[in-house]
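Worksheet for the structure shown next.
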Amino acid sequence: MSDEQPQHEAQQEARPRVGYDVSDAVATITLDSPHNRNALSRALVSGLFEALERAATDDAARVVVIAATGSVFCSGADLSEAASGSMEQGALEIVRLQRAILTHPKPVVCRLQGPVRAGGTGIVAAADVVVAAERASFALTEVKLGLAPAAISLTVFQRMTQRGAALTALGGEVFSAREALDHGLVTRVVADEQLDDAVREVTTSLATGAPQGLRETKRLLTAPLVAHLDAHGADVAALSARLFGSEEAKEAMTAFLSRKR
């Protein structure tokens, strides 16, 4: 075995992956980037787009589930990428990702087995139905780094109650799955060991809908969110880029990444 092979295997293991599987009319898209706790790197976001497009045209799938491996659903933006360049394109991609979920022709269900942080909350808010385990937790941590949840505000602030959004976004503190339910961010919270059964119950029910009925009903439900996103997407992406490029945020991100090492 050459010296290059273990290194190549390690690189392969660290590369973000997005799984795709179809069973019982459900397409499951799985975030699988354990080395950075499923952070929204460029590679992972690209993989998500590809999987969503595949599910849209997959006749074997009537419902889509977004899930994740490991103990964390999504740790938010990949700060190692954010600290090394402009974030405007990255923010635009997060806006586009939320739009892809909102306008997907099939119902999208989020299966939350663990923590969701910052940018990952945009995926949750864009989904049609969210089932969370008790151990799942949430935090809009941007304020702690001199940032704001700009790109994801287009869906997160629309889903949440106004008081809940203000408390969580301005405080930046961790809040529980039950609190997320009260704030309007999730649909249902179940005991950890009941998560798969609860997701199966929801997807089985959704899959009984006719494709045209599901597509057109979802379009009615998401129309206000899509219109809001289209009207303000470019502005919040520009704001995100400006904040990420500020000296205050750069110093905070550098300090945060140093603590993680």
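All heavy atoms count here, side chains included; hydrogens, waters and symmetry mates do not. The model shown is predicted, which means the values in this text are computed figures rather than measured ones.
Residue Ala125 comes nearest to Leu185 through the heavy atom pair CB-CD1, 4.2 Å, listed as atom of the first residue, atom of the second, then distance. Residue Gly76 comes nearest to Ala118 through the heavy atom pair CA-CB, 4.3 Å, listed as atom of the first residue, atom of the second, then distance. Across all non-hydrogen atoms, the minimal contact from Ala249 to Leu147 is CB-CD2, 3.6 Å. The minimum heavy-atom distance linking Gly164 with Thr168 is given by the pair O-OG1, 2.8 Å. The minimum heavy-atom distance between Thr208 and Ser205, with the atom names listed, is OG1-O, 2.6 Å. In plain terms, the two heavy atoms of Leu92 and Ala234 that are nearest each other are CD2-CA, 4.4 Å.
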Steps toward side chain to side chain contact (heavy atoms under 4.5 Å, CB included) verdict (Ile123, Leu48)
CA-CA 10 Å; Ile123 295 174; Leu48 257 173; 4.0 Å; yes
Begin from the C-alpha positions of Phe73 and Asn38 and carry the test side chain to side chain contact (heavy atoms under 4.5 Å, CB included) through to its verdict.
CA-CA 7 Å; Phe73 177 79; Asn38 296 320; 6.0 Å; no
Apply side chain to side chain contact (heavy atoms under 4.5 Å, CB included) to Ile94 and Gln98, showing your working.
CA-CA 6 Å; Ile94 296 302; Gln98 291 169 98; 3.8 Å; yes
Could you give me the CA-CA distance, side-chain angles and deciding distance for Ile101 and Ile66, then say whether side chain to side chain contact (heavy atoms under 4.5 Å, CB included) is met?
CA-CA 10 Å; Ile101 296 171; Ile66 300 179; 4.1 Å; yes
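Remark: side-chain polar atoms of Ser33 are not paired, donor with acceptor, to backbone N or O of Asn36 under 3.5 angstrom. Checked by atom type and distance alone, the side chain of Ser240 never pairs as donor or acceptor with a backbone atom of Val236 at under 3.5 Å. Of the possible donor and acceptor atoms, one in the side chain of Ser246 sits under 3.5 Å from a partner among the backbone N and O of Leu243. Of the possible polar contacts, none joining the Asp78 side chain to the Arg42 backbone as a donor-acceptor pair under 3.5 Å is found.
A 6.0 Å sphere centred on CD of Glu193 holds more than 12 heavy atoms belonging to other residues, nucleotides or ligands.
Taking Asp21 as the reference, nothing meets the salt bridge (charged side-chain N to carboxylate O under 4.0 Å, His left out) condition, with sequence neighbours excluded. Under the rule for a salt bridge (charged side-chain N to carboxylate O under 4.0 Å, His left out), Arg54 has no partner lying at least two apart in sequence or in another chain. In this structure Glu251 satisfies the salt bridge (charged side-chain N to carboxylate O under 4.0 Å, His left out) test with no other residue, sequence neighbours excluded. For Asp235, the salt bridge (charged side-chain N to carboxylate O under 4.0 Å, His left out) criterion is met by no residue, not counting sequence neighbours.
Connection of Ile152 to Val108 is established within a shared hydrophobic cluster, with ILVMFWY side chains joined at heavy-atom distances below 4.5 Å, either directly or through further cluster members. By the criterion of side-chain heavy atoms lying less than 4.5 angstrom apart, applied directly or through intervening Ile, Leu, Val, Met, Phe, Trp or Tyr residues, Leu154 is not grouped with Leu40; the two fall into different hydrophobic clusters. Hydrophobic clustering, with ILVMFWY side chains joined whenever heavy atoms are under 4.5 angstrom apart, groups Val116 together with Leu181. Linking ILVMFWY side-chain heavy atoms closer than 4.5 Å, directly or via other members, places Val156 and Leu112 in a single hydrophobic cluster.
None of Asp58, Thr30, Thr28 except one satisfies the side chain to side chain donor-acceptor pair (under 3.5 Å) rule with Tyr20; the exception is Asp58.
We find that Asp196 and Arg111 are joined by a salt bridge, their nearest charged nitrogen and carboxylate oxygen being less than 4.0 Å apart.
Within the structure, the ring-ring contact (aromatic ring centres under 6.0 Å, His included) test picks out the following pairs touching residues 98-157 (sequence neighbours left out): Phe138-Phe175. Each salt bridge (Lys or Arg N to Asp or Glu O under 4.0 Å) pair with one or both residues in residues 132-143, not counting sequence neighbours, appears once here: Glu134-Arg178, Arg135-Asp192. Residue pairs that meet the ring-ring contact (aromatic ring centres under 6.0 Å, His included) test with at least one member in residues 190-224, sequence neighbours left out, do not exist here.
Side-chain contact, Arg117 with Ser137: a donor N or O sits under 3.5 Å from an acceptor N or O.
Considering CD of Glu173 and CG of Leu140, their distance stands at 11.0 Å, rounded to 0.5 Å. Atoms CG and NZ, from Asp128 and Lys106 in turn, are 13.5 Å apart once rounded to the nearest 0.5 Å. Arg17 contributes atom CZ, which lies 12.0 Å from atom CG of Leu31 (distance to the nearest 0.5 angstrom). One distance of note links CZ of Phe244 with CG of Leu239; it measures 10.5 Å at 0.5 Å rounding.
Other cluster members for Val143: none, since no ILVMFWY side-chain heavy atom sits under 4.5 Å from it. If you chain together ILVMFWY residues whose side-chain heavy atoms come under 4.5 Å of each other, Val109 ends up grouped with Val26, Val63, Val65, Val129, Val131, Val190, Leu195, Val199, Val202, Leu206. Annotation for Leu167: hydrophobic cluster partners, listed by chain and number, are none (ILVMFWY side-chain heavy atoms under 4.5 Å, direct or chained). Side-chain heavy-atom separations under 4.5 angstrom define the hydrophobic clusters, and Leu214 shares its cluster with no other residue.
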I'd like a table of donor-acceptor pairs (distance under 3.5 Å, sequence neighbours excluded) in which one partner is a side-chain atom from residues 222-233, with atom names and distances.
unit_1 : atom_1 : unit_2 : atom_2 : d
Thr222 : OG1    : Leu102 : O      : 3.4
Thr222 : OG1    : Lys218 : O      : 3.0
His228 : NE2    : Gln158 : NE2    : 3.4
Asp230 : OD1    : Arg99  : NE     : 2.8
Asp230 : OD2    : Arg99  : NH2    : 3.0

